[in-house]
Chemist: 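Below you'll find the structure I mean.
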Amino acid sequence: MADQSRRKLKIATVVYWVLLIYIVAALVWWTIMLLEQADTIYTIRKENLLLIRNELSETAYLNHLKLLHTEWQRSIYKYVGEGVTILLLILVGAVYIYRLVRNEFRLQLQQQNFAMAVTHELKTPIAVSRLNLETLQKYALDEEKRQKLLQMTLTETLRLDDLINNILISSQLEVNHYTLHPEETDISALADNFCNQFQHRYPQRTLQRSIQPNVMMKADPVLMKLLLSNLLENAHKYSPSGGKICVEVVEKDGVQLTITDEGGGIPDDEKKNIFKKFYRIGNESIRRTQGTGLGLFISKKIVKDHGGSISVEANVPKGSKFVVHFPTAHGK
Ligand code: ADP
């Protein structure tokens, strides 16, 4: 499917360039022809004037000659001016169409990747949960094994929940059907609770919290949880299991939320891309992590809808640091 799209894009690109080169060459050719024609007319008219020179006074002859020259000059300006204007219009149109078509193809390709990723991401947790439950039903396992299977099932179910939330909310946010339900929210408590859940889900992961108590702001708690979930899940997904993840909440010119990990980080030239819809770094065929490319797109939308901003920096000595800033805190 993806190969077919790439082939189509290649054919479209070749056709586009052939047509563009043909149109520009035709325009240049016509302009040269018109200029030559203007020259020929000017020469013929000058020769005709020479034939009747004896019948004219010197002043009349010179005036005629000047007139011919002015008309020739005007024709040259007209043809060159029109040629350049049309060339500019063609180039502007060509750049516009080129970008439009390329973006359309890129989006189509990303949507195909997204469809494949979603199918995979929906099926995996369901298959794992089903297998775990069947095992629990069939065998009388000891308590430790039972707990382990239940824990795995819970993790998969929560992942499924996140994925479905991301898909549902992204489609609602897209058509502006999602209505924000802002309420006075204790962001510190919300982050702390979420960290507890996260730690429960991934008991092996080192999660360091630096949460200033009682930081309040007007926010939609459902969306805030989704924001935290996307950023923390990414920190977990894109850093080795031994790496530390830090969550910080402080009141600093408003409210600042920072999530830091010790993973591979994000290359500088990708920093602006990762917030685009369906965007995932790297090539789908060599990518090892699962994902849909929706998490950061939604996160940015949530932050923007709350009047805030989100940015990514390099963590020292390694990894990524996502900083979310909301300009208004609401006192304690
Ligand atoms: P997904 O994780 O589903 O691919 P996201 O929108 O959450 O989609 O992230 C977009 C891309 O940004 C990811 O594919 C990944 O390449 C990169 N990314 C996001 N968070 C991190 C992180 N903490 N460390 C490294 N790369 C990240």
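As the structure lists them, so they are numbered: ligands from 1, and atoms in each ligand from 1. Everything numeric here is computed off the predicted structure, so don't read it as measured data. Side-chain atoms are counted along with the backbone in the values below, which use heavy atoms only and exclude waters and symmetry mates.
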Chemist: Would you mind listing which atoms of ligand 1 come within a distance below 4.0 Å of any non-hydrogen atom of K237?
Modeler: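 Answer, ordered by atom number: 1 (P), 2 (O), 3 (O).
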
Chemist: Does N230 have a non-hydrogen atom less than 4.0 Å from ligand 1?
Modeler: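 Contact absent.
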
Chemist: Touching ligand 1 at all, E233? Heavy atoms, strictly under 4.0 Å?
Modeler: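 Not so, E233 does not reach ligand 1.
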
Chemist: Considering only heavy atoms of I266, which atoms of ligand 1 have at least one such atom less than 4.0 Å away?
Modeler: 21 (C), 25 (C), 26 (N), 27 (C)

Chemist: Using a plain distance cutoff, I'd like to know if L296 has any nitrogen or oxygen under 3.5 Å from a nitrogen or oxygen of ligand 1.
Modeler: yes

Chemist: Could you measure the distance from the CG atom of D220 to the CG atom of D305? Nearest 0.5 Å is fine.
Modeler: 9.5 Å

Chemist: Would you say ligand 1 has an N or O under 3.5 Å from any N or O of Y279?
Modeler: no

Chemist: For the CD1 atom of I86 and the CG atom of L91, what is their distance to the nearest 0.5 Å?
Modeler: 12.0 Å

Chemist: Out of all atoms in ligand 1, which are within 4.0 Å of some heavy atom of T292? Include the element for each.
Modeler: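 Atoms satisfying the 4.0 Å criterion: 1 (P), 3 (O).
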
Chemist: Taking 4.0 angstrom as the limit and counting only heavy atoms of L294, give me the atoms of ligand 1 inside it, by number and element.
Modeler: 6 (O), 8 (O)

Chemist: Between the candidates G319, G265, S320, which shows the shortest non-hydrogen contact distance to atom 24 (N) of ligand 1?
Modeler: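 Looking at heavy atoms only, S320 sits closest to atom 24 (N) of ligand 1.
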
Chemist: Distance from D261 atom CG to L231 atom CG, nearest 0.5 Å?
Modeler: 10.5 Å

Chemist: For ligand 1, is there an atom lying under 4.0 Å from some heavy atom of G264?
Modeler: no

Chemist: Would you indicate whether the side-chain heavy atoms of T258 and V324 approach each other to under 4.5 Å?
Modeler: no

Chemist: Working to the nearest 0.5 Å, report the span between NZ of K271 and OG of S320.
Modeler: 8.0 Å

Chemist: Please identify which atoms of ligand 1 are closer than 4.0 Å to at least one heavy atom of G295.
Modeler: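 Those atoms are 5 (P), 6 (O), 7 (O).
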
Chemist: Return yes or no for this condition: an N or O of F322 is under 3.5 Å from an N or O of ligand 1.
Modeler: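 The answer is no, given that F322 and ligand 1 share no N or O pair closer than 3.5 Å.
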
Chemist: Give the minimum heavy-atom separation between A12 and F105, together with the two atoms involved.
Modeler: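 Taking every non-hydrogen atom into account, CB-CE1, 4.5 Å.
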
Chemist: Any cation-pi pair here, K276 with F278, using under 6.0 Å and within 45°?
Modeler: no

Chemist: From the options L158, L232, V247, select the one residue that forms a side chain to side chain contact (heavy atoms under 4.5 Å, CB included) with F198.
Modeler: L232

